[in-house]
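Notes follow the structure.
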Amino acid sequence: MKLKSRLLTAFLIMTALPIFLITIAVGTIARYQANSIEQTYDVKSDTIKLISNPLQILSRLTRGVYNEIVITAIQSPEKFEDETYIEYLNNELKGKYSYLVLRKGDKYIYNGDKENLDNIKSYFPKYGEYTTDMEGGIYIDSKNPFLLKQQDFHFTDKTEGSIFVVTDVNTLVPQIKSSAIQMACSLVFVVILTAGVLIIWIYRSILRPLNTLHAATDAMKEGNLDYSIEGDPEDEIGQLCVDFEEMRIRLKELIEVRHKYEEETKELISNISHDLKTPITAIKGYAEGIIDGVADTAEKRTKYIKTIYTKANDMSVLVDELSFYSKIDFNAMPYTFTSINLHDYFSDCIDELTLDLEVKNIEIVYNNETDAGLKVSADAEQLKRVINNIIGNSVKYIGNRKGLIKIQIEDMNEYVKISIKDNGQGIPSKDLPFIFDRFYRADASRNSTKGGTGLGLAIAKKIIQDHTGTIWADSEEGKGTTIHFTLKKCKEGTDHEQNINY
Ligand code: ATP
Ligand code: MG
């Protein structure tokens, strides 16, 4: 999940979950307390009303007794002069946090709660001031708040009398108190629970991948490039882990390439020194022969000097090839890509080669299956170098048999394939995968008198790769070798010339 959606969800959970849980908690507590109130005080009402309006409960508590007082006041007010009846009413009220007060004229002749009356009696309404609207009682917010119900009547001697039911608000119904505490506790619990759930969720989704990333960077700092991590690409931090992993793999590859390059450079230097040492030793030997007078005849001296010349020539070829190879290997060779007509180009090529090859008793067969107007994008001069290197090898390794070189050109959608086949000695299968490596020469070639540096095919491969083509070889020992390479066709209508400095 994306971090944005995660935060939005967290926000929704943070607001909605507590509301939902608190509603459930309050509902349950309210219902439980309402039942309890109903059982204890015999008061039935809507649960929320009961909890939210405790005065109503207090009022209802005394409703039964008060109703009896009202009926008695209408039907037989003389009963209020009977002390046992008053005592009986007061006792009924006692269990309901209430007591009875009786006033005759201005005098209070009965007080159910001896201690409190003096503090509150000044708030009692006068005879006739308590209206029927106040049926539920009146709330008096004095120092000792109380709920008051009053019923007026006349004593038998016609004195105005009032009977009061006083309910002490200070001793709020304990259930209401505990309800408030329970609700506050449930609120705190819900908030802690929601926060806890969110913290765990956020920890898992943010901190855990960050810790993984931290461990991975530490490992990388210490040079361990094999420490792999995984991430969920669906969220931003997960994506960061995936990117980090890609970076690690890339870095590892770069370091491996660098190591390989360093190894190759070492090998290159040792190959060069070896290849230069052989002709230099020969030159030194023959020169010493002349100086020391070993070559004592004119004929011998001519032979020695010719050999020195040939070896110096070999060295010059080697140095030329090396410098050319290092140029293309470092991509310092500028290519001039032009649109070349394949038919014209190869016809010229074959004409040039036929003359040379006839002398060496090699027949050349050319078969071009592509359309006459087909053009490829290539550097004509470098392409010639590739062809010469391949045909040069065929000539070199054809042996004493009657040579045959076949050049075949085929159309392959975006590319054309050029195959140069010979009937020479072939390449052993153990050497075949390496013939395009620089300085690689099969044992047979190395041991033969035929010169060579082992750079010819490496150069051809690099040139073809720079032309976005591929090059490969098929060979059967004793039967012959075929070198194939591809060249990209020119898109129709483009007759371009471009210099690309690789
Ligand atoms: P250079 O071309 O630098 O003078 P080279 O011919 O030995 O030297 P490459 O052209 O790179 O080097 O060829 C590499 C090796 O592949 C050769 O030494 C030879 O063993 C083998 N090889 C290449 N072409 C042929 C072929 N047509 N027939 C047999 N062996 C071949
Ligand atoms: Mg060669």
Side-chain angles (χ1 to χ4, degrees), residues 264 267-279 310-329 333 349 353 356-357 360-366 382-408 417-466 469-485:
E264 280 180 0
E267 196 194 311
L268 184 76
I269 291 169
S270 101
N271 278 326
I272 294 171
S273 47
H274 175 264
D275 282 9
L276 283 174
K277 213 173 164 186
T278 322
T310 315
K311 295 290 168 193
N313 232 13
D314 283 353
M315 274 171 65
S316 159
V317 170
L318 173 67
V319 170
D320 283 351
E321 274 212 337
L322 258 176
S323 81
F324 181 79
Y325 180 76
S326 77
K327 240 186 186 177
I328 55 166
D329 196 33
M333 251 269 312
C349 233
L353 286 165
D356 269 4
L357 296 176
K360 291 169 181 154
N361 194 25
I362 298 170
E363 189 191 342
I364 188 155
V365 177
Y366 169 57
Q382 301 309 330
L383 186 59
K384 190 63 129 315
R385 193 186 286 268
V386 173
I387 297 166
N388 284 344
N389 280 359
I390 297 170
I391 293 194
N393 282 347
S394 295
V395 172
K396 197 153 54 161
Y397 303 113
I398 223 154
N400 294 327
R401 68 198 87 188
K402 161 99 180 85
L404 176 67
I405 295 174
K406 278 188 190 167
I407 300 178
Q408 171 95 7
K417 185 174 89 171
I418 296 131
S419 308
I420 301 175
K421 184 177 178 176
D422 65 48
N423 62 342
Q425 65 189 46
I427 304 166
S429 51
K430 71 170 176 56
D431 295 313
L432 198 58
F434 310 107
I435 58 165
F436 293 99
D437 293 353
R438 57 190 180 188
F439 295 111
Y440 191 86
R441 306 189 71 206
D443 290 340
S445 325
R446 207 170 276 284
N447 299 332
S448 78
T449 49
K450 295 164 193 137
T453 57
L455 281 172
L457 287 182
I459 289 172
K461 184 180 177 184
K462 180 74 177 130
I463 293 172
I464 292 300
Q465 279 178 343
D466 290 346
T470 42
I471 186 164
W472 69 100
D474 292 329
S475 188
E476 213 178 314
E477 228 181 326
K479 286 200 170 168
T481 306
T482 314
I483 307 282
H484 312 268
F485 63 92

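Every number for a ligand or one of its atoms is a count from 1 in the order of the listing. In what follows, every heavy atom counts, from backbone to side chain, and hydrogens, waters and symmetry copies are set aside.
Within a 6.0 Å sphere centred on NZ of Lys277, heavy atoms belonging to other residues, nucleotides or ligands number 12 at most. Within a 6.0 Å sphere centred on NZ of Lys406, other residues, nucleotides and ligands contribute 12 heavy atoms or fewer.
For the pair Asp474 (side chain) and Thr482 (backbone), a donor-acceptor distance under 3.5 Å is absent. No donor-acceptor distance shorter than 3.5 angstrom exists from the side chain of Ser419 to the backbone of Ile483, with no hydrogens or angles considered. Asp422 places no side-chain N or O within 3.5 Å of a backbone atom of Ile391 that could act as its donor or acceptor partner.
Listed by number with element, the atoms of ligand 1 under 4.0 Å from a non-hydrogen atom of Arg441 are 5 (P), 7 (O), 18 (O). Ligand-side atoms of ligand 1 in range of Tyr440: 14 (C), 15 (C), range being under 4.0 angstrom from any heavy atom.
The residue among Asp314, Asp422, Asn389, Val317 with a heavy atom at the shortest distance from atom 27 (N) of ligand 1 is Asp422.
Looking at Leu457 against ligand 1, both its backbone and its side chain come within 4.0 Å, counting heavy atoms. With a 4.0 Å heavy-atom cut-off, ligand 1 is reached by the backbone of Ile435 and by its side chain too. Contact annotation for Phe436 and ligand 1: no heavy atom of the residue comes within less than 4.0 Å of the ligand.
Looking at ligand 1, you'll find an N or O of Ala442 within less than 3.5 Å of one of its N or O atoms. For ligand 1, the polar-atom distance check against Gln425 finds no nitrogen or oxygen pair separated by under 3.5 Å. At least one N or O atom of Leu455, backbone or side chain, sits closer than 3.5 Å to an N or O atom of ligand 1.
Contact annotation: Gly424 has no heavy atom less than 4.0 Å from any atom of ligand 1.
Counting heavy atoms from C-beta on, the side chains of Thr481 and Tyr397 never come closer than 4.5 Å. With a 4.5 Å cut-off on side-chain heavy atoms, Lys462 and Asp466 count as touching. Taking 4.5 Å as the limit, every side-chain heavy atom of Ser429 sits out of range of all side-chain heavy atoms of Glu477.
The side chain to side chain contact (heavy atoms under 4.5 Å, CB included) search around Asp320 returns Ser316, not counting sequence neighbours. Not counting sequence neighbours, the partners of Phe434 by the ring-ring contact (aromatic ring centres under 6.0 Å, His included) test are Tyr440. Annotation: salt bridge (charged side-chain N to carboxylate O under 4.0 Å, His left out) contacts of Lys430 (sequence neighbours excluded): Asp443.
Around the Mg ion (ligand 2), protein N, O or S atoms at a distance under 2.8 Å total 1; waters are neither shown nor counted.
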